[in-house]
Amino acid sequence: MVFAAPGEALTRAEELLGADPSPLHASVAHQVIGIWQRDFGDTRRALAHLRRARDLAARAESAEREADVLATLGVALVHAGRTRAGLAAFERGVARGSGHTRARVLFRRAYVWWVLGRHGEALEDVRRAIPVLRQADDVIWTARALTLRATVHLALGSVERADADFTAAELLWDTTGQEHDKADAVESRGLAAFRSGDVPAALRLLDEAAERYAKLGTPTFMLTIRRCEVLMAAGLATEALAEADAAVAALDGIGGQSTRKAELLLVAARAARVAGEPQTSLARAAVAVRLFAGQRRTWYETHARLVLIEARVATGHGSGRLVADAAAVAERLAAFGAPAAPEASLLAGRIALDLGWTADAERHLAVAARSRHGGPPLARMTGWAAQALRARAAGSARGVLEACRRGLDVLDDHRMTLGASELRARATAQGAELAALAQRASLVSGGPRRLLGWSERWRATVLSAPPTRPPADPVLLTAMTAFRELAARAEEARTDGGRPAPALEREQRRLEREIRSRTLHMRGEAPGDGDRFDVGRLLRRLGDEVRLVELAVLDGRVHVLLCGQGRVRRFEAGLLAEAEAEAEHVQAGLRRLAHPGAEARLPLVEAAGARLQRLLLGPAAAHLGSGPVVVVPPGRLHRVPWALLPALRERVLSVSPSASSWLRARDTAPPPGGRQVLVRGPGLASGGAEVPELSDRYAGRRTPSEGGTGAPPPGARTGGGSAGPGATVVLEGGDARVPRVLRELDGAALAHIAAHGTFRADSPLFSSLRMADGPLIVHDFERLDRSPYRIILPCCDTARFASVGADELLGLVTALLPLGTAGVVACTAPVNDAAVVPLMLALHKGLDAGLSLAEALRDARAALPGDAVHQATGWAFSAFGAA
């Protein structure tokens with residue numbers, strides 16, 4: 001009962017002890033309390049109860065009872081870090097027990113061998129236990145033994161054997177009422193899915209297991225460890241670090257198992273290393289090594305030493321000693337049969353290369369490169385990275401490029417199994433080294449065309465295919481509706497009382513976690529990326545007039561790839577770090593200029609724009625010609641107001657996350673019918689004053705304003721069902737509710753959404769536009785069959801993004817581009833609401849005349865008054881895409 005209903009078992013055991021039981025029954029009660037404390041509470045209390053249970057079993061003169069208690073005590077001692085005493089307890093237990101009881105003792109010792117990383121001994125003990133348990137028709141313990149054997153197989157990389165055992169165990173669990181063990185089976189299937197490379201399924205199963213454990217009220221430290229491993233593979237290392245650290249604190253708070261603490265510290269160290277926090281990784285790994293060594297857990301200690309060496313290298317401490325240490329770790333991991341062995345060999349080879357020890361590097365890299373032909377995707381990528389480094393050391397640029405291509409193909413296949421755009425974006429970080437190696441090799445040997453091809457190979461890859469459409473999941477839809485309602489109530493509370501509403505905000509955060517969690521469960525639908533980038537096709541589409549400027553960053557310096565007139569030219573510009581700092585100064589200046597009275601700062605902002613031009617375009621600025629320009633910046637420069645740069649200020653200018661994205665937008669045909677949708681949300685300082693005038697322009701007569709009365713103008717719709725082709729839909733007041741707005745946006749030719757925008761740097765896919773019933777978030781847009789062909793967002797910060805992965809951007813604009821939107825006008829900085837109105841009216845005037853968004857925005861800027869507020873407003877807006 002202690003696993004089927006732990007709380008009830010604990011109560012029953014305490015009641016039994018209060019009823020003056022016999023020594024035999026008291027031994028059972030103390031053992032139950034000991035198990036509960038061992039797994040869910042204080043290890044010291046567990047040991048006290050289990051020792052009492054052992055002594056009572058001896059008094060009862062029951063050898064079988066004593067053997068059973070000794071096995072439980074052995075597990076507790078090992079988890080407490082007292083490995084020698086724990087193994088000694090097992091020796092006595094095996095000697096005292098017989099038949100069925102001895103089989104249960106052997107199973108628990110096999111579990112301890114697994115905890116200690118001694119997998120051969122674990123398999124041997126479980127091999128001896130399973131036939132006896134089956135013969136005794138002991139369903140529960142047979143299922144436990146099969147689950148354990150599967151887990152050991154997974155640790156050794158034998159996924160197929162593990163799947164077979166997990167399946168057999170699950171069939172047995174279905175015949176029992178062991179709810180804790182059932183939850184453990186779901187958790188184990190999640191681990192198996194992860195080991196086979198199915199990250200969405202792993203996240204879904206681990207979340208399901210967490211729900212089952214929560215109903216039982218049991219802590220989930222092992223589940224946390226496994227979930228952190230999956231989060232790291234999904235590119236969510238920062239979240240994994242936070243979860244692991246929180247679990248360590250919780251474990252310390254209850255005096256929990258020392259073994260679990262060491263494992264949590266190890267996963268925290270790995271997460272910190274992947275998240276770019278080497279000092280944190282160093283600290284966590286050092287403590288983990290010390291704990292594992294004290295617990296005599298060589299398998300885990302060796303893995304922790306690998307992370308410790310990686311952290312030391314990341315902090316700049318490469319040395320010959322570390323080469324030897326990494327090589328020794330690789331040998332031990334290989335002897336264990338651990339899947340991490342190639343990673344250690346790659347590390348030894350990389351350190352040796354940095355020291356100029358080419359012979360040593362070749363030896364270690366050759367070992368690591370063997371993993372490129374089999375195993376999970378990340379293991380194969382490790383092998384291709386090793387192969388690329390071998391080729392670089394041998395001076396073979398062709399070999400480098402081939403290895404990088406093969407490795408990134410593996411990543412592409414893995415990435416496309418992920419349905420959530422966030423996971424696809426973050427997963428690209430795992431290919432950053434391969435892409436950088438290829439770019440350097442291209443720079444040396446292939447000329448500007450090849451460098452452009454490799455720059456595109458890993459730039460904004462998430463936009464290369466539409467995201468998987470969220471399923472019609474009733475739980476997800478209910479959560480999104482509840483989230484919207486709560487967010488609206490929280491906003492209303494802040495507006496009315498000026499104070500936050502903690503209870504509402506806590507529930508809002510819980511719903512955010514649920515929405516995000518269910519979204520991450522989606523599997524990808526496409527087998528691969530499809531069309532590859534073709535430099536020749538780009539040049540043909542650009543023709544002689546248009547110039548595309550792609551900025552590639554190699555070793556911290558900006559390289560300008562100027563495309564047009566049938567060729568690609570390369571220019572060197574400034575340092576990326578200096579450009580980023582200058583861009584922040586410009587953003588601060590634009591924020592000041594959004595308010596009247598800051599006119600004196602205008603020359604300072606213009607001078608900063610000239611400095612940005614030198615850093616970002618360098619000598620290429622003199623070769624832009626006189627036609628339109630498309631700028632393709634790296635993710636870290638997404639906030640640059642490109643229209644402020646002197647060479648771009650008077651031009652038809654558009655921005656694109658990648659050249660591939662621009663080509664796709666250029667080839668996107670507008671939908672038939674040309675329906676326009678005008679949306680005016682609440683809370684705007686200007687009241688969305690341009691919307692009534694635009695309504696008149698498109699429909700010939702002003703739509704009733706919010707709260708007004710009267711009939712809608714001819715051709716306009718303000719309520720009811722979706723409008724037909726060619727109509728103008730005006731949504732404001734109560735009509736500007738998220739479900740209605742989404743219905744009208746789907747497949748529209750033009751959408752103008754005047755609404756308060758909020759960018760969420762902490763969770764970019766919850767960036768939102770405020771509607772009458774709450775926020776319209778990026779997750780909502782991803783439910784559209786086809787987003788509007790053109791979208792105009794006259795709101796602050798709608799063109800802000802979070803830079804994640806290798807060179808990916810998450811935000812509102814980048815969510816729209818893969819869904820059928822060919823052009824967006826959005827804002828990179830806070831702007832003056834009143835000054836936005838004439839800019840928007842002038843912009844639509846240009847669209848009426850048949851201009852593209854970029855052309856209309858250029859003319860609209862020129863039509864603004866010459867004062868500082870209006871100039872800054874014009875510079876803050878950019879046209880994205882090619883419509």
Side-chain angles (χ1 to χ4, degrees), residues 549 551 558 573-574 577-618 620-622 624 626 628-629 631 633 637-655 684-686 689-690 757 759 792-800 825-843 845-846 853-880:
V549 177
L551 305 183
V558 178
E578 293 180 10
E580 287 183 285
E582 199 64 63
E584 287 301 315
H585 294 152
V586 167
Q587 283 290 328
L590 289 178
R591 282 194 293 271
R592 293 287 299 276
L593 290 175
H595 305 283
E599 291 82 359
R601 299 194 64 85
L602 183 59
L604 298 177
V605 172
E606 291 184 304
R611 288 193 296 273
L612 259 182
Q613 178 171 300
R614 288 195 295 273
L615 290 167
L616 295 177
L617 300 182
L624 296 177
S626 58
V629 173
V631 177
L637 295 174
H638 66 275
R639 294 200 68 192
V640 171
W642 296 97
L644 176 61
L645 275 57
L648 303 176
R649 200 170 294 175
E650 308 299 328
R651 290 180 182 276
V652 174
L653 170 67
S654 58
V655 181
L684 292 170
S686 69
E690 76 274 15
F759 174 70
I792 299 169
L793 301 170
C795 341
C796 295
D797 289 340
T798 47
R800 287 188 63 186
V825 168
C827 183
T828 62
V831 289
N832 183 284
D833 284 338
V836 169
V837 175
L839 179 71
M840 292 297 106
L841 293 175
L843 174 66
K845 181 180 179 181
L853 286 173
E855 291 167 334
L857 184 58
R858 187 271 312 268
D859 291 354
R861 287 193 195 100
L864 288 174
D867 61 274
V869 171
H870 285 89
Q871 291 298 304
T873 301
W875 292 330
F877 280 88
S878 295
F880 295 85

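Just so it is clear, the structure is predicted and the values come from calculations on it, not from any experiment.
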Would you indicate whether the side-chain heavy atoms of [Y] and [X] approach each other to under 4.5 Å?
X: P628; Y: R651; answer: no
X: V831; Y: F877; answer: yes
X: V631; Y: L645; answer: no
X: L843; Y: V825; answer: yes
X: W642; Y: L616; answer: yes

Quick one: side chain to side chain donor-acceptor pair (under 3.5 Å) partners of D867, sequence neighbours excluded?
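Once residues adjacent in sequence are excluded, the partners of D867 under the side chain to side chain donor-acceptor pair (under 3.5 Å) criterion are H870.
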
Contacts of Q613 meeting side chain to side chain donor-acceptor pair (under 3.5 Å) (sequence neighbours excluded), chain-then-number -> none

If you compare all heavy atoms of [X] against all heavy atoms of [Y], which two are closest, and at what distance to 0.1 Å?
X: N832; Y: A594; value: ND2-O, 2.9 Å
X: L590; Y: P641; value: CD1-CG, 3.8 Å
X: V558; Y: L615; value: CB-O, 4.2 Å
X: G589; Y: V605; value: CA-CG2, 3.7 Å
X: V586; Y: G609; value: CG2-N, 4.4 Å
X: G757; Y: C795; value: N-CB, 4.0 Å

Going by side chain to side chain contact (heavy atoms under 4.5 Å, CB included), name the residues that satisfy it together with [X], two or more places apart in sequence or in a different chain.
X: A610; result: R614, P646
X: E580; result: L576, R636, L637
X: A854; result: V652, S654, S852, A879
X: L602; result: L593, E606, A868, W875

Quick one: side chains of residues 833-840, donor-acceptor pairs under 3.5 Å with protein atoms, not counting sequence neighbours, listed by atom name and distance.
none

At what distance, to the nearest 0.5 angstrom, does [atom1] of [X] lie from [atom2] of [Y]?
X: Q871; Y: L644; atom1: CD; atom2: CG; answer: 10.5 Å
X: L653; Y: L857; atom1: CG; atom2: CG; answer: 8.0 Å
X: L612; Y: L648; atom1: CG; atom2: CG; answer: 11.0 Å

Pairs flagged by side chain to side chain donor-acceptor pair (under 3.5 Å) wherever residues 584-602 is involved - sequence neighbours left out:
Q587-R639

Can you name the salt bridge (Lys or Arg N to Asp or Glu O under 4.0 Å) partners of E855, sequence neighbours left out?
none

The criterion is salt bridge (Lys or Arg N to Asp or Glu O under 4.0 Å); which residues satisfy it with R861, sequence neighbours excluded?
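Partners of R861 by the salt bridge (Lys or Arg N to Asp or Glu O under 4.0 Å) criterion come out as none, since no residue qualifies.
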
